[in-house]
2 protein chains.
Amino acid sequence: MISSIAELIADRIGTMPAGERRAAQTLIASYPMIGLKTVAEFSAAAGVSSPTILRFVARLGFQNYPEFQSSLQDELAAQLQSPAIRSLNPPSPGGGTVSPMLEATLDNMRETFRHLSDKQLEDIAARLADRRGKTFLIGGRFTDPLARYMAAHLAVVQSDVFHLAGQESMWRDRLIDMGKRDVLVIFDIRRYQDSLVRFAEKAHQRGVQIVLFTDQWLSPIARFARHVIAGRTAVPSAWDSSAALFVVAETLIGAVTRQLEADGARRIREMESLR
Amino acid sequence: MISSIAELIADRIGTMPAGERRAAQTLIASYPMIGLKTVAEFSAAAGVSSPTILRFVARLGFQNYPEFQSSLQDELAAQLQSPAIRSLNPPSPGGGTVSPMLEATLDNMRETFRHLSDKQLEDIAARLADRRGKTFLIGGRFTDPLARYMAAHLAVVQSDVFHLAGQESMWRDRLIDMGKRDVLVIFDIRRYQDSLVRFAEKAHQRGVQIVLFTDQWLSPIARFARHVIAGRTAVPSAWDSSAALFVVAETLIGAVTRQLEADGARRIREMESLR
DNA sequence: GGAGCGCTGTATCGTATGTTACGTATTTTG
DNA sequence: CAAAATACGTAACATACGATACAGCGCTCC
């Protein structure tokens with residue numbers, strides 16, 4: 001079973017003529033980067049001519065050079081999605097059904113945050129902390145609890161935080177209260193909900209700033225969103241995991257709280273005294 | 001100091017027009033693979049035209065598209081050479097707010113699961129999957145969304161799943177429906193809510209089996225509970241983190257689904273056909 | 001309500017890139 | 001040692017790719 005081009009090369013390098021062998025060795029030496037460049041660059045690096053490179057990829061079984069490159073890219077993509085860090089967490093001798101799920105979840109989080117810079121989060125937090133507008137939150141069938149969770153926390157440190165619940169017609173009517181200075185936080189992962197998309201579009205038309213939590217395939221709402229947070233959701237289960245998005249939400253809650261520190265602290269104290 | 005294109009994008013995404021922002025988001029979502037493909041593919045994935053992609057890379061400071069691609073490749077190459085330091089987000093020496101939060105959360109999860117055996121989880125899952133009784137879920141001020149999340153999923157694979165919402169008096173009345181064969185899942189972390197404790201006690205008196213999600217200091221409800229899941233909640237933030245509990249909940253959801261596989265699969269299909 | 005600006009997509013163009021044909025060099029074999 | 005077969009590079013070719021000019025549209029600001 002051959003699963004990577006590198007193996008394929010190792011398998012056939014013995015049967016190759018001198019020129020192609022040099023190509024193979026050059027590719028292996030800085031695998032797979034050279035293969036992503038142009039034929040001319042590849043040939044120059046290997047010290048052979050362009051046609052030799054093409055004959056080389058043909059011998060590997062590819063119809064043409066672009067096809068070869070696509071294959072390399074797919075390989076890279078797969079590699080990047082399951083970071084090698086996995087090996088750093090010992091395979092938890094237990095073995096049971098728990099480990100794979102936990103491991104995948106941890107990977108998802110690392111991967112999600114890898115695509116997320118401090119600056120982005122701070123920007124979004126700043127937007128949420130900006131007290132000139134209101135904050136609305138809403139989610140889909142399985143993600144609405146995340147919206148609630150976030151709303152519950154934000155509502156403690158600032159006023160004008162509203163979770164949109166209930167029937168579609170209910171929240172649609174709330175559109176009238178929304179304007180340019182307001183923020184709408186939407187959670188939407190596969191399978192994306194039409195009702196949410198429609199709602200997002202209408203809100204967008206009113207100039208509302210949309211912060212979208214979605215999965216790596218991006219909900220169609222992304223096109224209306226000012227900020228998009230793409231979380232990894234794949235786990236060995238019948239369900240997708242929202243855990244990564246949950247952690248991003250918590251991180252944001254923390255960031256907003258920090259930015260509102262002065263005001264927020266007072267607010268929290270007041271609130272405590274009211275209980 | 002900007003060292004990666006991802007950062008560069010995060011830095012300037014705020015100043016970009018809508019179309020280019022979509023390009024940026026698409027790139028970040030599957031960073032950096034899309035950027036290595038052709039302009040046509042990139043533009044199609046982002047849902048914009050080719051010139052918009054080119055304007056996008058121009059705005060990032062590149063003279064032309066190939067130069068942009070080379071830069072991405074260099075980045076990838078550097079990344080591949082030091083697999084240990086996979087983190088795209090540099091260790092944020094400036095005290096980035098993200099890393100410590102994420103690290104703490106990941107630690108919490110590992111620690112939480114370290115104290116949780118496969119057997120325990122399977123037992124709880126079996127209890128929840130046992131279809132002779134009903135399942136009720138409820139949570140506290142900040143944890144109720146977790147109860148909702150779990151309820152939303154369980155309700156798909158089995159009947160008789162109820163989330164207890166609204167006023168305290170509302171759910172207190174539901175006690176009348178609860179008996180020995182039923183399960184009550186409660187989420188309660190500091191500061192523990194008296195109302196929940198009272199409710200748990202009454203349910204316990206009726207012989208209801210209680211599954212408690214709490215923090216490492218254990219809610220007083222623990223004394224009534226048949227199963228206790230203690231999650232770590234400490235993070236460098238003003239708030240406690242429920243992320244570990246969330247992941248346990250997802251794990252349980254997965255386990256229950258698996259145990260109900262035969263029935264559950266049919267149920268899910270039926271449900272799909274109803275939509 | 002009108003004028004101006006900026007953003008975006010369509011259509012066209014030039015060119016860099018992959019591809020192929022062919023001639024020369026090198027090795028292999030009888 | 002000769003002759004054939006294979007390998008390799010040069011050079012011409014075609015295509016697909018990136019780049020650009022331009023027009024339509026929406027938005028903002030008078």
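Below, chains carry the letters A, B, ... as their sequence lines are ordered, and counting in each starts from 1. Side chains included, hydrogens not; waters and symmetry mates left out as well; all remaining heavy atoms used. Worth saying up front: this structure is predicted, and the values here are computed from it rather than measured.
Here the C1' atom of nucleotide C/dT19 and the CG atom of A/L54 are 7 Å apart, to the nearest Å. Distance, A/E67 CD to C/dT19 C1': 15 Å, rounded to whole Å. Nucleotide C/dT15 holds its C1' atom 12 Å from the CG atom of B/N64, rounded to whole Å. Rounded to whole Å, atom P of C/dG18 lies 11 Å from atom CZ of A/F42. The CZ atom of A/R59 sits 10 Å away from the C1' atom of D/dA7 (whole-angstrom rounding). Rounded to whole angstrom, the span from the CZ atom of B/R21 across to the C1' atom of C/dT8 amounts to 14 Å. As rounded to whole Å, 14 Å separates atom P of C/dT17 from atom OH of B/Y65.
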- For nucleotides 8-16 of chain D, read 5' to 3', which letter fits each nucleotide if B means a protein heavy atom sits under 4.0 Å from the base, S means only the sugar-phosphate is that close, and - means neither? BBB------
- Item | nucleotides 23-30 of chain D: protein proximity per nucleotide (B base, S sugar-phosphate only, - neither; heavy atom, under 4.0 Å) | --------
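Proximity of the aromatic rings of A/F142 and B/Y149 is defined here by a centroid distance below 6.0 angstrom, and this criterion is not met.
Checked for salt-bridge contact, A/D123 and A/R127 miss the test: no charged N lies under 4.0 Å from a carboxylate O. At a threshold of 4.0 Å, the pair A/R114-A/E111 counts as salt-bridged, since one of the basic side-chain nitrogens sits closer than that to a carboxylate oxygen.
Between A/V208 and A/K180, every side-chain heavy-atom pair lies at or beyond the 4.5 Å cut-off.
Under the side-chain hydrogen bond (donor to acceptor under 3.5 Å, both in side chains) criterion, A/R190 pairs with A/D240, not counting sequence neighbours. Every residue meeting the side-chain hydrogen bond (donor to acceptor under 3.5 Å, both in side chains) condition with A/D177, not counting sequence neighbours, appears here in chain and number order: A/R174.
A/A244 and A/R232 get closest at one heavy-atom pair: CB-O, 3.7 Å.
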- Query: Does the side chain to side chain donor-acceptor pair (under 3.5 Å) test come out yes or no for B/E7 and A/S117, once each step is laid out?
  - Reply: CA-CA 7 Å; B/E7 291 178 63; A/S117 70; over 6 Å; no
- Criterion side chain to side chain donor-acceptor pair (under 3.5 Å) on A/E168 and A/S195, from CA distance to verdict: CA-CA 7 Å; A/E168 180 177 355; A/S195 56; 4.6 Å; no
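Looking at A/Q209, its side chain never comes within 3.5 Å of a backbone N or O of A/D182 through a donor-acceptor pair.
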Extract all donor-acceptor atom pairs below 3.5 Å that involve side chains of residues 44-59 of chain B and protein atoms in other chains or at least two apart in sequence.
unit_1: B/S49; atom_1: OG; unit_2: B/T52; atom_2: OG1; d: 3.3
unit_1: B/R59; atom_1: NE; unit_2: B/E20; atom_2: OE1; d: 2.5
unit_1: B/R59; atom_1: NH2; unit_2: B/E20; atom_2: OE1; d: 3.3
unit_1: B/R59; atom_1: NH2; unit_2: B/E20; atom_2: OE2; d: 3.1

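Where the helix from C/dG1-D/dC30 to C/dG30-D/dC1 starts and where it ends, the local axes point in directions that differ by 30°; five pairs per end, rounded to 10°.
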